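All values derive from a computational prediction rather than experimental measurement.
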Amino acid sequence: MWVETLCQWYRENQRDLPWRHDRAPYHIWLSEIMLQQTQVATTIDYYQKFIEAFPTIQSLAEATEDDVLRLWQGLGYYTRARNLKRCADVVWQQHGGVFPDQYHDLLKLPGIGPYTAGAIASIAFDRRVPAVDGNVLRVYARLYALSDDIADPKTAKRFREKLTPLVPEESGVFNQALMELGAMVCTPQNPKCNQCPVSGCCKAYTDGMETAFPVKTKKIKQKHLTIGMGIIWHEDKLLCFKQVEGRLLHGLWSLPFVPDLVEENALRTQLAEDFQLVLSEGRSTGRVRHVFTHLIWDVHIFCFEAKDANLIDFPEVRWCSTDELEALALSTVIKKVLAKGINLLL
DNA sequence: AAATCGGGGGC
DNA sequence: GCCCCAGATTT
């Protein structure tokens with residue numbers, strides 16, 4: 001069997017990562033949320049900053065959502081940050097600040113799905129449950145040369161059921177070993193089978209078919225969208241607003257923009273109406289291309305000046321100095337626009 | 001079952 | 001350019 005061989009390989013070869021220094025449920029949880037769809041190298045700095053700012057779940061429960069988003073800015077998938085805050089509140093108020101130690105109880109918490117519940121239950125609490133992420137889907141499909149489509153959610157469920165009886169007593173080591181192997185050796189392209197501790201047990205490898213697995217079908221085609229965005233000055237401040245719920249990047253601060261309106265005249269008219277301002281003729285200050293998961297924005301930037309500072313009676317619209325802007329949670333696309341439009345490096 | 005939701009890194 | 005990443009949630 002490959003299970004113990006793999007665990008031993010992990011004990012000897014695991015990377016030294018900040019969240020592996022102890023098994024505190026708070027640390028494991030925070031790292032697992034950050035690692036969702038995010039590479040280890042990207043996560044490390046954010047994890048360190050969070051632990052410094054919020055050393056305990058109490059400190060996180062006592063923070064505001066804005067505080068959390070501010071620290072999360074640039075990491076993406078901002079719903080994770082909002083659910084992180086909600087989860088901390090639930091654990092603090094309803095569980096006395098103590099994380100549940102059972103898979104099914106963890107699964108009920110905001111932002112914790114089947115993978116993360118399995119990861120926390122096994123790594124922090126030694127529960128013998130699997131944790132099937134993208135790495136494990138790939139590794140397991142290769143080990144047994146399975147043609148299941150790993151893009152289909154039913155496959156993850158099926159793999160969890162097949163893995164459950166294999167999970168050893170040291171479940172946390174086992175689950176992390178599978179993921180570590182997927183990240184370091186059994187990679188999506190060019191797997192390093194010659195370095196793999198369990199290649200002898202791998203059906204895909206022994207069949208000479210390691211490149212045939214895993215099978216993955218769907219690919220999403222991104223939609224292109226042109227955006228007219230205004231950098232609207234009044235004296236030394238510029239107009240920004242907090243994106244409302246139900247919109248992309250909600251909860252983060254944005255510059256005013258209009259989809260499908262990239263002509264100066266039309267954009268100025270629409271922005272003036274949206275924010276009830278009188279605007280000077282705009283000056284084109286460049287374009288920014290930004291790729292989201294399912295969208296590609298082609299942002300045309302224009303600088304305007306507002307004749308007066310009256311703001312519409314709407315919450316979360318402000319005039320901000322560049323210093324004040326720096327204190328807000330901004331998405332990466334807005335930072336790129338500010339860098340290009342006013343040479344402001346945040 | 002399909003769509004939504006960021007940003008960065010590797011090739 | 002494409003693919004993937006220690007996925008969850010909503011429709």
Side-chain angles (χ1 to χ4, degrees), chain A residues 10 14-15 17-20 27-47 69 72-84 86-87 106-124 130-140 149-157 159-160 172 174-184 186-192 214 216-223 243 245-252 288-297 329-336:
Chain A
Y10 175 74
Q14 63 175 291
R15 290 167 288 179
L17 300 174
W19 47 87
R20 288 180 176 167
H27 294 161
I28 303 302
W29 165 68
L30 178 59
S31 67
E32 291 300 340
I33 300 298
M34 287 186 166
L35 286 163
Q36 289 169 6
Q37 295 293 283
T38 307
Q39 300 197 150
V40 166
T42 308
T43 305
I44 291 176
D45 287 345
Y46 284 90
Y47 178 83
L69 280 171
W72 200 273
Q73 65 176 331
L75 193 55
Y77 283 157
Y78 297 96
T79 296
R80 292 185 295 171
R82 292 187 290 271
N83 282 335
L84 186 82
R86 285 208 294 140
C87 185
L106 288 162
L107 201 52
K108 296 172 186 164
L109 295 170
I112 297 184
Y115 162 73
T116 305
I120 299 173
S122 61
I123 299 170
V132 175
D133 72 333
N135 288 307
V136 178
L137 285 170
R138 181 175 61 255
V139 171
Y140 191 80
D149 176 12
I150 66 168
D152 186 339
K154 290 198 296 292
T155 299
K157 180 176 166 63
F159 282 17
R160 284 199 298 276
F174 173 69
N175 285 333
Q176 291 183 88
L178 273 172
M179 294 187 277
E180 191 85 348
L181 189 76
M184 305 303 293
C186 195
T187 47
Q189 280 86 28
N190 308 317
K192 305 172 179 64
K216 184 169 187 175
T217 55
K218 40 180 106 153
K219 50 185 134 186
I220 37 179
K221 40 192 161 188
Q222 295 154 319
K223 293 169 188 167
Q243 186 57 276
E245 198 167 341
R247 299 287 186 87
L248 183 64
L249 300 173
H250 86 255
L252 284 81
V288 162
R289 175 185 156 88
H290 189 75
V291 180
F292 297 94
T293 303
H294 58 300
L295 287 174
I296 298 176
W297 276 11
L330 304 172
S331 65
T332 297
V333 62
I334 297 301
K335 291 193 177 198
K336 283 157 76 172

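Mapping A:Leu107 and A:Leu35 onto DNA chain C via the closest heavy atom, the residue that lands nearer the 5' end is A:Leu35. Nearest-nucleotide positions on DNA chain C place A:Glu32 closer to the 5' end than the other of A:Glu32 and A:Thr79. Both A:Gln189 and A:Gln37 lie close to DNA chain B; mapped to their nearest nucleotides by heavy-atom distance, the more 5′-ward contact belongs to A:Gln37. Mapping A:His290 and A:Asp152 onto DNA chain B via the closest heavy atom, the residue that lands nearer the 5' end is A:Asp152.
Searching all strands for a Watson-Crick or G-U wobble partner of B:dG6 with both distances below 3.5 Å returns nothing.
In terms of phosphate contacts, A:Lys154 brings a side-chain nitrogen or oxygen within less than 4.0 Å of OP1 or OP2 of B:dA1. The side chain of A:Arg247 places no N or O atom within less than 4.0 Å of a non-bridging phosphate oxygen (OP1 or OP2) of B:dT4. Here A:Thr332 reaches the OP1 or OP2 of B:dG7: one of its side-chain N or O atoms lies under 4.0 Å away. Side-chain N/O atoms of A:His294 include one lying less than 4.0 angstrom from OP1 or OP2 on B:dC5. Note on A:Tyr77: every side-chain N or O is 4.0 Å or more away from OP1 and OP2 of C:dC5.
Counting heavy atoms from C-beta outward, A:Cys87 and A:Trp29 have side chains that approach closer than 4.5 Å.
Taking the P atom of each, C:dT11 and B:dG6 are spaced 15 Å apart, rounded to whole Å. Look at the P atom in both B:dT4 and C:dA6: the space between them is 25 Å, to the nearest Å. For C:dA8 and B:dG9, the P atoms lie 23 Å apart once the distance is rounded to whole Å.
Listed nucleotides: B:dG6, C:dC5, C:dA6. Nearest to the side chain of A:Arg20: C:dA6. Listed nucleotides: B:dG6, C:dT9, C:dG7. Nearest to the side chain of A:Asn83: C:dT9. Among the nucleotides B:dG6, B:dG7, C:dG1, the one closest to any side-chain atom of A:Arg289 is C:dG1. Each of B:dC5, C:dC5, C:dA6 was ranked by its minimum atom distance to the side chain of A:Leu17; first place goes to C:dA6. Which of B:dG7, C:dG7, B:dG6 sits closest to the side chain of A:Ser331 comes down to B:dG7. You'll find that the side chain of A:Tyr115 is closest to C:dG7, out of B:dT4, C:dG7, B:dG7. Considering only the side chain of A:Met179, C:dA6 comes nearest among C:dG7, C:dG1, C:dA6. Looking at the side chain of A:Thr116, the nearest of the listed nucleotides C:dG7, B:dC5, B:dA1 is C:dG7. For A:Thr42, taking side-chain heavy atoms from C-beta onward, the closest of the listed nucleotides C:dA6, B:dG6, B:dG8 is B:dG8. Which of C:dC5, B:dG6, C:dA8 sits closest to the side chain of A:Asn135 comes down to C:dC5.
When rounded to the nearest whole Å, the span between NZ of A:Lys108 and P of C:dT9 equals 14 Å. Atom CD of A:Gln39 and atom C1' of C:dC3 are 11 Å apart (whole Å). B:dG10 atom P lies 11 Å from atom NZ of A:Lys192, rounded to whole Å. Atom pair A:Leu30:CG and C:dG7:P shows a separation of 15 Å (rounding to whole Å applied). Rounded to an integer number of Å, the gap from CH2 of A:Trp72 to C1' of B:dG6 is 11 Å. Spacing between atom CZ of A:Arg82 and atom P of B:dC5 amounts to 10 Å, rounded to whole angstrom units. As rounded to whole Å, 15 Å separates atom P of C:dC5 from atom CD of A:Glu180. Atom CZ of A:Arg80 and atom P of C:dA8 are 11 Å apart (whole Å).
When heavy atoms are screened at a 4.0 angstrom cut-off, A:Lys335 is found touching no nucleic acid atom at all. Using a 4.0 Å heavy-atom distance criterion, A:Thr43 is classed as making no nucleic acid contact. When heavy atoms are screened at a 4.0 angstrom cut-off, A:Leu295 is found touching no nucleic acid atom at all. Within 4.0 Å (heavy atoms only), A:Gly74 reaches sugar-phosphate atoms of the nucleic acid but no base atom. Among the heavy atoms of the strands lying under 4.0 Å from A:Val40 is at least one base atom, whether or not backbone atoms are also near. Across all strands shown, A:Pro114 has heavy atoms under 4.0 Å from sugar-phosphate atoms exclusively, and none from any base. Across all strands, A:Arg15 comes closer than 4.0 Å to base atoms (heavy-atom distances). Counting any heavy atom pair closer than 4.0 Å across all strands shown, A:Ile112 reaches sugar-phosphate atoms only and no base atom.
Donor-acceptor pairing under 3.5 Å is recorded for the side chains of A:Glu32 and A:Tyr115. Side chain to side chain, A:Ser31 and A:Arg20 fail the donor-acceptor criterion of an N or O pair below 3.5 Å.
In summary, the aromatic rings of A:Tyr47 and A:Trp19 are positioned with their centroids under 6.0 Å apart. A:His294 has its ring centre no less than 6.0 Å from the ring centre of A:Phe292.
Although no hydrogens or angles enter the test, the distance criterion places no donor-acceptor pair under 3.5 Å between the side chain of A:Arg160 and the main chain of A:Val132. The main-chain N or O of A:Pro110 is never found under 3.5 Å from a side-chain atom of A:Asn83 such that the two would form a donor-acceptor pair.
Within 6.0 Å of CZ on A:Arg15 lie more than 12 heavy atoms contributed by other residues, nucleotides or ligands.
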